[in-house]
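I have placed the structure first, in the form of structure tokens, so that the comments after it can refer back to it.
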Amino acid sequence: MNRNDVTEKIIATKVSKGLKWESVAKKVGLSKEWVTAGCLGQMTFDEKQAKVVGKIFGLSAEEIKWLQVVPYKGSLPTAVPTDPLIYRWYELVNVYGTTIKELIHEEFGDGIMSAIDFSMDIVRQPDPKGDRVNVVLSGKFLPYKQY
């Protein structure tokens, strides 16, 4: 057994029970974005959170322990994503990455936006021309230090 096996079980149980990530997140007590990332193997749950997730998805004691192991983050199956939705994010970074970088550096200086001290909010935005996906990414700015 490994973390990928636990992720697959979580997804299969979610489908079979008709669960929504938002309802899982409410039971865990964190955002739907973070809990979804955790359930998909990209974040580490603490013991209490892992037990809640384990109860929801009918996980064994061993599977619950896997939820508490620091994962290998960013583990897409291919270098260039092939899933259309994920590929569009890859395309977005390819097209707008230099613009985002330039504007962050102009506003904040030389540094990075943290993906550790970070939050994300994804909401549906009704629009007469077709609903829009509104994604807000918020990361702490970390300047490079001189030494």
(message) Any side-chain to backbone donor/acceptor pair from Asp5 onto Asn2? Under 3.5 Å, distance only.
(response) yes
(message) I'd like to know if the side chain of Lys20 reaches the main chain of Lys14, judged simply by a donor and an acceptor atom lying under 3.5 Å from each other, with no hydrogens or angles considered.
(response) no
(message) Between Gln68 and Asp46, is there a side-chain heavy-atom distance shorter than 4.5 Å?
(response) no
(message) Would you say that Val69 contacts Thr44 through its side chain, given a criterion of any heavy-atom pair below 4.5 Å between the two side chains?
(response) no
(message) Using a 6.0 Å cut-off, check whether atom NZ of Lys73 has over 12 heavy atoms from anything other than its own residue.
(response) yes
(request) Kindly compute the distance separating OG1 (Thr7) from CG (Leu40), expressed to the nearest 0.5 Å. (result) 6.5 Å
(request) Could you tell me which non-hydrogen atom of Asp127 sits nearest to which non-hydrogen atom of Asp131, and how far apart they are? (result) N-OD1, 3.3 Å
(message) Just verifying a value: how many Å separate Tyr72 OH and Asn4 CG, rounded to the nearest 0.5 Å?
(response) 12.0 Å
(message) Show, in sequence, the C-alpha distance, side-chain angles and deciding distance for Arg88 and Ile86, and conclude whether the side chain to side chain contact (heavy atoms under 4.5 Å, CB included) test is met.
(response) CA-CA 5 Å; Arg88 292 298 175 234; Ile86 297 173; over 6 Å; no
(message) Around atom CD of Gln125, are there more than 12 heavy atoms from other residues, nucleotides or ligands closer than 6.0 Å?
(response) yes
(message) Is there a continuous path of hydrophobic side-chain contacts, each under 4.5 Å between heavy atoms, that joins Val52 to Val24?
(response) yes
(message) Determine whether a donor-acceptor pair (N or O, by modelled atom type, separation under 3.5 Å) exists between the side chain of Lys9 and the backbone of Phe57.
(response) no
(message) Side-chain heavy atoms nearer than 4.5 Å, only ILVMFWY residues, links allowed to pass through others: does that put Leu85 and Leu137 together?
(response) yes
(message) Can you confirm whether Leu67 sits close enough to Leu59 that some side-chain heavy atom of one is under 4.5 Å from a side-chain heavy atom of the other?
(response) yes
(request) Answer whether the closest heavy-atom distance between the side chains of Cys39 and Val53 falls below 4.5 Å. (result) yes
(message) Please evaluate residues Trp89 and Val135 with respect to the criterion side chain to side chain contact (heavy atoms under 4.5 Å, CB included), reporting the C-alpha separation (whole Å), side-chain torsions for both, the decisive distance (0.1 Å), and the verdict.
(response) CA-CA 11 Å; Trp89 279 92; Val135 180; 3.8 Å; yes
(message) Is it the case that the side chain of Gln42 and the backbone of Gly74 share a donor-acceptor pair, with hydrogens and angles ignored and the cut-off at 3.5 Å?
(response) yes
(message) Using every non-hydrogen atom in the two residues, find where Pro81 and Ala79 come nearest and quote the distance to one decimal.
(response) CD-O, 3.7 Å
(message) Same cluster or not: Tyr87 versus Leu92, using hydrophobic residues (I, L, V, M, F, W, Y) connected whenever any side-chain heavy atoms lie under 4.5 Å apart?
(response) no
(message) Let's go through Met1 and Trp66 carefully: what are the C-alpha distance in whole Å and the side-chain angles of both, what is the deciding distance for side chain to side chain contact (heavy atoms under 4.5 Å, CB included) to 0.1 Å, and is it a yes or a no?
(response) CA-CA 9 Å; Met1 171 173 295; Trp66 276 106; 3.7 Å; yes
(message) Is there a path of hydrophobic side-chain contacts, each under 4.5 Å between heavy atoms, that joins Val28 and Met120?
(response) no
(message) Go through it in stages, so that I can follow the logic: the residues are Thr99 and Glu102, the test is side chain to side chain donor-acceptor pair (under 3.5 Å), and I'd like the CA-CA distance, side-chain angles, deciding distance and then a yes or no.
(response) CA-CA 5 Å; Thr99 301; Glu102 182 68 23; over 6 Å; no
(message) Quick check: is Val93 connected to Leu103 through a chain of hydrophobic side chains (ILVMFWY, heavy atoms under 4.5 Å apart)?
(response) no
(message) Among Phe45, Trp21, Phe118, which residue satisfies the ring pair (Phe, Tyr, Trp, His ring centres under 6.0 Å) criterion with Trp34?
(response) Phe45
(request) In plain terms, say whether Lys65 and Glu62 are close enough for a salt bridge, that is, a side-chain N and a carboxylate O under 4.0 Å apart. (result) no
(message) Rounded at 0.5 Å granularity, tell me how far CG in Asp117 sits from OG in Ser138.
(response) 8.0 Å
(request) Check whether any side-chain heavy atom of Asp121 sits under 4.5 Å from a side-chain heavy atom of Lys32, and report yes or no. (result) yes
(message) Is it the case that the side chain of Lys17 and the backbone of Ile56 share a donor-acceptor pair, with hydrogens and angles ignored and the cut-off at 3.5 Å?
(response) yes
(request) Look only at the side chain of Glu63 and the backbone of Ser60, and say whether a donor-acceptor pair between them is shorter than 3.5 Å. (result) yes
(request) Measure the shortest side-chain to side-chain distance between Val133 and Arg124 over non-hydrogen atoms and say whether it is less than 4.5 angstrom. (result) no
(request) Specify the closest pair of heavy atoms between Pro71 and Gly41, including all atoms of both residues, with the distance to one decimal. (result) CB-O, 3.0 Å
(message) What's the separation between atom NZ in Lys145 and atom CG in Asp110, rounded to the nearest 0.5 Å?
(response) 13.5 Å
(message) Any side-chain to backbone donor/acceptor pair from Thr36 onto Glu33? Under 3.5 Å, distance only.
(response) no
